[in-house]
S.K.: 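Structure in structure tokens, see below.
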2 protein chains.
Amino acid sequence: MGPTDASASVAAVSGSPRTREDVVTAASKLFASRGFHGTSMRDLGDELGMLGSSLYSHVRGKNELLVEVIARGTRFFNGVVAEAEAAGGSAKDRLRRLVSGHVQVVVGHIDESRTFLFESRFLPAADRGRIIEMRDDYEAAYRQAIRDGIDEGSFTADIDPATTAIFILSILNALIRWYRPSGDRDADAIGAEMWAFIENGVVRSER
Amino acid sequence: MGPTDASASVAAVSGSPRTREDVVTAASKLFASRGFHGTSMRDLGDELGMLGSSLYSHVRGKNELLVEVIARGTRFFNGVVAEAEAAGGSAKDRLRRLVSGHVQVVVGHIDESRTFLFESRFLPAADRGRIIEMRDDYEAAYRQAIRDGIDEGSFTADIDPATTAIFILSILNALIRWYRPSGDRDADAIGAEMWAFIENGVVRSER
DNA sequence: CCTACCGATCGGTAGG
DNA sequence: CCTACCGATCGGTAGG
């Protein structure tokens, strides 16, 4: 066992010092795969080629790392809403942009997305409120797009915007469970399949 | 602090001895709310009004409890598939039964459902394969119902059964995230809303 | 980023 | 189901 040990991570054999960013990235990877409570500071140190105790020169504690990883996730998802709203166009276009943007975030930042969705409940009480609020806002963007779509006549009036938003986000959030980078479909293809289902369901009697 | 402490669980003040069943039920509750790695044997003992070490007269270890809780979950979900297939009728009816049955399991057994979906990845390696296989079979029942529905002409031919099965199960599985027993909709109402969305999506141009 | 620790808590056992 | 433990591991700190 030593610096050339084959089981060591790539980071462990590279000589350059780690940054706070590196630590957060490694944390997002381990929190995503083993869970927050299933990851020890020593595990995290191993991943970075250092001791668990050395991490405390980069971060104040384990909880801070969880907050940081999840904050990253929220920034990505908030960015999608901002872009979709800035793009203008019809409510239908906006909803389609929300969907494809969400897929792109998950595909591009799978570890942060997984941690955000699976580990937020372990956030320190002081930070949990902020995250829940953000998630509510995110859902509200979907509700609004659906409401506007009904007003514009492109969506049927006999759906409930709140419930429909939950269903659409259910499909989107589940992507963190089944997405595999080795799969044959890219983000655009996945987004298109989701959109077809969201628009028409399984019956698709006509368009 | 003592046997009349208001913070103690009801179980703690009842004098009758606990059964293995009681232990598994308490485990499903704590695993669901705090996660497997976030629950200690002492936490579990508190919940049942006994010491953590006393649990070992009921179960061999913490892992065994996780296996047991998840096995319960699989029995419930497998039961839905068996009933839907036994009921006969059209593929559309079968799929509708799968959906409403799944909702009923989640609403009726929320802790087992949550543990099954969130904590299965922490199963001992020896049991994980069995559970993954079961989940594949479950998904296969959906795929088959969709395929049959296309053959029977009630579902459009331009959907992919595998992908559509994932989308439908995404909506169903997300229920463990947003369902609250205090909500105003019962299992039937939730199942009906889901079914409407699955059938027609947001456009619902005609029926 | 390491050395050398700390008190607390973990899953679990022996013996009753 | 309790008493009385065990070794291992946890998050974290002081000092360099």
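Proteins come first, then strands; the chains are lettered A, B, ... in the order of their sequence lines, and each starts at number 1.
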S.K.: Just to verify, what does A:D111 make a salt bridge (Lys or Arg N to Asp or Glu O under 4.0 Å) with, not counting sequence neighbours?
M.R.: none
S.K.: For A:K92, which residues count as a salt bridge (Lys or Arg N to Asp or Glu O under 4.0 Å) partner, sequence neighbours excluded?
M.R.: A:E199
S.K.: Quick check on DNA chain C: between A:L51 and B:K62, whose nearest nucleotide comes earlier from the 5' end?
M.R.: A:L51
S.K.: Which of residues 31-42 of chain B have a heavy atom under 4.0 Å from DNA chain C?
M.R.: B:T39, B:S40, B:M41, B:R42
S.K.: Using the side chain to side chain contact (heavy atoms under 4.5 Å, CB included) criterion, which residues pair with A:E83? Sequence neighbours excluded.
M.R.: none
S.K.: Residues in side chain to side chain contact (heavy atoms under 4.5 Å, CB included) with A:A174, at least two apart?
M.R.: B:S170
S.K.: Can you list the residues that meet the side chain to side chain contact (heavy atoms under 4.5 Å, CB included) rule with A:S40, with sequence neighbours excluded?
M.R.: A:R42, A:D43
S.K.: Are B:F116 and B:F77 an aromatic pair, judged by ring center distance below 6.0 Å?
M.R.: yes
S.K.: Indicate yes or no: does A:E139 engage A:R135 in a salt bridge with an N to O separation below 4.0 Å.
M.R.: no
S.K.: With the threshold set at under 4.0 Å for non-hydrogen atoms, list the residues of residues 52-60 of chain A touching DNA chain D in residue-number order.
M.R.: A:S53, A:Y56
S.K.: Suppose we screen for side chain to side chain donor-acceptor pair (under 3.5 Å). Which residues come up paired with B:R114, at least two apart in sequence or across chains?
M.R.: none
S.K.: Any Lys/Arg nitrogen of B:K29 or B:E47 sitting under 4.0 Å from an Asp/Glu carboxylate oxygen of the other?
M.R.: yes
S.K.: With heavy atoms of chain B within less than 4.0 Å as the criterion, where does contact along DNA chain D begin and end?
M.R.: D:dC1 to D:dA4
S.K.: Where each pair must be Watson-Crick or G-U wobble with both distances under 3.5 Å, what dot-bracket representation of DNA chain D is obtained, with crossing pairs in [ ] and other-strand partners as |?
M.R.: ||||||||||||||||
S.K.: Applying salt bridge (Lys or Arg N to Asp or Glu O under 4.0 Å), name anything that partners B:R130, two or more places apart in sequence or on another chain.
M.R.: B:D127
S.K.: Taking only residues two or more places apart in sequence, or in another chain, which ones meet A:R185 in a salt bridge (Lys or Arg N to Asp or Glu O under 4.0 Å)?
M.R.: A:E193
S.K.: Below 30° counts as parallel, above 60° as perpendicular, anything between as tilted: where do the rings of B:F167 and A:F197 land?
M.R.: tilted
